[in-house]
Amino acid sequence: MGGRSSSPLDKRQQQHLRGQVDALLRNFLPKYRVQLAASVLRQISRELGPQEPAGCQLLHSKKLPRVREHRGPLTQLWGQPPQWQPIFCVLRGDGRLEWFSHREEYENGGRPLGSAALTGYTVLTSQREYLHLLNALCPDSPGDHIQEEPDPLLETPVNFPLFLQHPFRRHLCFSAATGEAQRAWRLALQGGIRLRGTVLQRSQAPAARAFLDAVRLYRQHQGHFGHDDVTLGSDAEVLTTVLVRELLPALRAKTLPSLRGAGRARAWAWIELLDAIHVAVLAQASTGLRAFQPEKDELLAALERTIRPDVDQMLQLRERVAGRLRAEVQGPLESCLHRKVDAQLPQVTRTLLNTVEAALAEVQTLIVQGMDRLFCHLRGSPSGARLRKEVYSFGEMPWDPELMQTCYREARRSQRHLGQLAAPFGFLGGRSLVFGVQDLAQQLMADAVATFLQLADQCLTMALDCDQAAQQLEKVRGRVLKKFQSDSGSAQRRFIREWQLRIFLPFVLSQLEPSCKAELSEFEGDVLAVGSPALTIEGIYEDVVRGVLLQRIDGELKKALGDSDVSCSLDGCSEASWDQM
């Protein structure tokens with residue numbers, strides 16, 4: 001953003017923010033340690049339990065999630081005073097945006113003028129919409145009579161704008177030369193934003209799951225039970241968002257009235273202040289988590305050594321306590337589900353199912369079209385160089401933002417309707433949900449492409465002519481589509497189940513809090529006798545509630561899918577309750 005300058009945070013303010021981050025870490029890290037222990041116990045119990053047959057038919061793509069690097073000239077609003085100036089922009093494969101004064105500076109390895117990790121940003125392509133957003137940030141009070149300064153955004157209409165807006169960070173204002181360039185940049189930037197946002201959700205590491213659970217429990221202790229988009233980003237970015245949200249009401253009440261200027265001038269100043277706070281908090285949170293890393297590594301190793309020998313005893317104790325707890329909370333829990341959840345569960349299930357089905361159907365269509373193009377070139381143009389180019393293009397399909405738009409568009413189509421259905425349950429995570437569907441579509445596309453290329457490589461030899469090669473590829477095509485249909489069906493069920501838990505479980509826990517949580521103390525002695533942080537009465541209680549809710553969810557899924565073995569196909573789900581495990 002090329003806004004007006006604002007005073008940097010003084011030493012007293014910086015010291016205050018350091019104290020706030022330290023307090024957050026003091027309250028958060030104990031919960032993180034407990035969840036790390038629970039994740040180790042969960043992992044060991046899965047290893048020792050009955051092994052399910054491999055559920056995935058497709059090969060798992062070894063290519064790491066990424067965005068296709070995108071670069072080109074843009075115009076940016078920057079400088080003092082802010083002006084629209086030409087720059088050369090580069091979106092890196094890890095979702096980081098950089099801009100240079102000239103293309104030559106980039107090509108010669110020069111330092112960028114600026115850069116930004118795209119976590120949490122939103123792309124706007126309407127100047128009117130962006131100006132409306134600025135107006136809403138700092139509305140003038142009735143007593144304000146300050147003349148607003150001329151605004152370069154108003155003085156210079158932008159034909160093809162790209163506004164990157166963030167709730168707590170400096171806005172970035174760009175403009176493309178043509179509508180085609182604007183669209184290409186918009187798709188590339190949206191891909192980078194999603195990649196940066198879902199880094200923890202995509203991770204299979206127990207520590208990532210433990211971190212997300214710890215954030216959820218920390219926020220529940222603060223009174224925030226509903227799932228929202230706070231967990232988008234890296235661990236330090238997530239904690240930064242949590243803290244800045246906590247500070248925001250007092251900051252708004254104390255600081256906004258004292259900001260100079262009017263209208264958008266105040267909005268610029270407010271954004272600059274929030275950006276300075278975000279930068280300071282992020283730096284301190286990153287430092288704190290880095291300092292915790294050696295302890296975390298030692299803790300995980302120690303937990304592995306101490307839990308594994310006693311895992312049977314711990315699981316037996318957990319089962320006994322869970323049985324007693326279940327009998328205690330069954331009445332209030334069933335009453336809550338009957339009164340508050342059962343009526344909405346079918347609609348939420350059907351909307352989620354339609355969204356995921358539509359996105360994955362588009363994935364299958366793209367896979368078929370890609371294979372058809374390969375067959376066409378194989379039969380009509382046996383040139384080796386041309387065929388290699390087509391094979392490369394086929395392999396790059398999952399990372400082509402223009403090609404994948406049909407799938408991603410389906411993921412966004414029901415966002416508003418689903419948000420309306422889930423809002424009564426405190427669910428505000430619509431963006432995370434859309435990102436999840438898009439990640440699922442991209443991963444299945446990558447797996448299908450990898451499977452096709454490997455099977456094709458195994459069956460094609462130099463001895464085959466073009467017609468024989470085409471016949472072999474037809475067989476491969478049939479196998480890949482069959483595998484894709486199997487995997488997409490299983491993935492869709494797991495996804496719907498997981499997101500129904502995210503919608504309903506926090507709400508149910510909040511409803512049971514007054515009546516059931518107080519009764520947990522009478523069970524605490526049995527758990528404390530084990531002497532392991534992997535078992536807590538709160539964790540067992542939540543697992544009991546989750547297990548009963550999952551029975552409801554599985555029943556509704558069975559009705560929606562007309563499938564007799566829904567629960568069996570979901571045993572490998574990461575959200576499976578301990579009872580089912």
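The analysis underlying the following values was restricted to heavy atoms, covering all of them including side chains, and did not include hydrogens, waters or symmetry mates.
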Quiz prompt | Check: Arg202 side chain, Leu195 main-chain N or O, donor-acceptor pair, under 3.5 Å | solution = yes
Quiz item: Taking NZ, NE, NH1 and NH2 as the nitrogens, is one of them in Arg431 or Asp228 under 4.0 Å from a carboxylate oxygen of the other?
Solution: no
Practice problem: Kindly assign one of parallel, tilted or perpendicular to the pair Phe427 and His227, based on the angle between their ring planes and the thresholds 30° and 60°. | Solution: parallel
Self-check item: Listed partners of Glu295 passing side chain to side chain donor-acceptor pair (under 3.5 Å), at least two apart
Solution: Arg33
Quiz item: Does a salt bridge link Asp213 with Arg209, judged by any charged N lying under 4.0 Å from a carboxylate O?
Solution: yes
Quiz item: Considering residues at least two apart in sequence or located in another chain, which fulfil the salt bridge (charged side-chain N to carboxylate O under 4.0 Å, His left out) criterion with Glu542?
Solution: Arg216, Arg546
Quiz prompt | Whether Asp447 side chain and His60 backbone form a donor-acceptor pair below 3.5 Å | solution = no
Quiz item: Quick check: are there more than 12 heavy atoms from other residues, nucleotides or ligands sitting under 6.0 Å from CD of Glu538?
Solution: yes
Quiz prompt | Any donor-acceptor N/O pair, Ser203 side chain to Leu200 backbone, under 3.5 Å | solution = no
Quiz item: With distance as the sole test, does Arg350 use its side chain to make a donor-acceptor pair with the main-chain N or O of Ala560 at under 3.5 Å?
Solution: yes
Exercise. First locate atom OG of Ser510, then atom CD of Gln220, and finally report the distance between them rounded to the nearest 0.5 Å.
Key: 8.5 Å
Quiz item: Going by distance alone, is a donor N or O of one side chain under 3.5 Å from an acceptor N or O of the other, for Thr349 and Glu556?
Solution: no
Self-check item: Ring centers of Phe225, Phe507 separated by less than 6.0 Å
Solution: no
Quiz item: Once the angle between the rings of Phe211 and Phe28 is folded into 0 to 90°, is it parallel (under 30°), tilted (30 to 60°) or perpendicular (over 60°)?
Solution: perpendicular
Quiz item: On the ring face of Tyr408, is Arg194 found with NZ or CZ under 6.0 Å from the centre and within 45° of the axis?
Solution: yes
Quiz item: Looking at Glu47 and Arg308, does any basic side-chain N land under 4.0 Å from a carboxylate oxygen?
Solution: yes
Quiz item: Is there a donor-acceptor contact under 3.5 Å linking the side chains of Gln330 and Glu334?
Solution: yes
Quiz prompt | Polar side-chain atom of Ser486 near backbone of Lys483 as donor-acceptor pair, under 3.5 Å | solution = no
Quiz item: Can you list the residues that meet the salt bridge (charged side-chain N to carboxylate O under 4.0 Å, His left out) rule with Arg66, with sequence neighbours excluded?
Solution: Glu396
Quiz item: How far does CD of Gln364 sit from CG of Leu481, to the nearest 0.5 angstrom?
Solution: 5.5 Å
Quiz item: Short question: side chain of Gln165, backbone of Thr122 - any donor-acceptor pair under 3.5 Å?
Solution: no
Exercise. Mark yes or no for whether Gln201, through its side chain, and Thr231, through its backbone, hold a donor-acceptor pair below 3.5 Å.
Key: yes
Quiz item: Are the side chain of Gln14 and the backbone N or O of Leu9 linked by a donor-acceptor pair below 3.5 Å?
Solution: yes
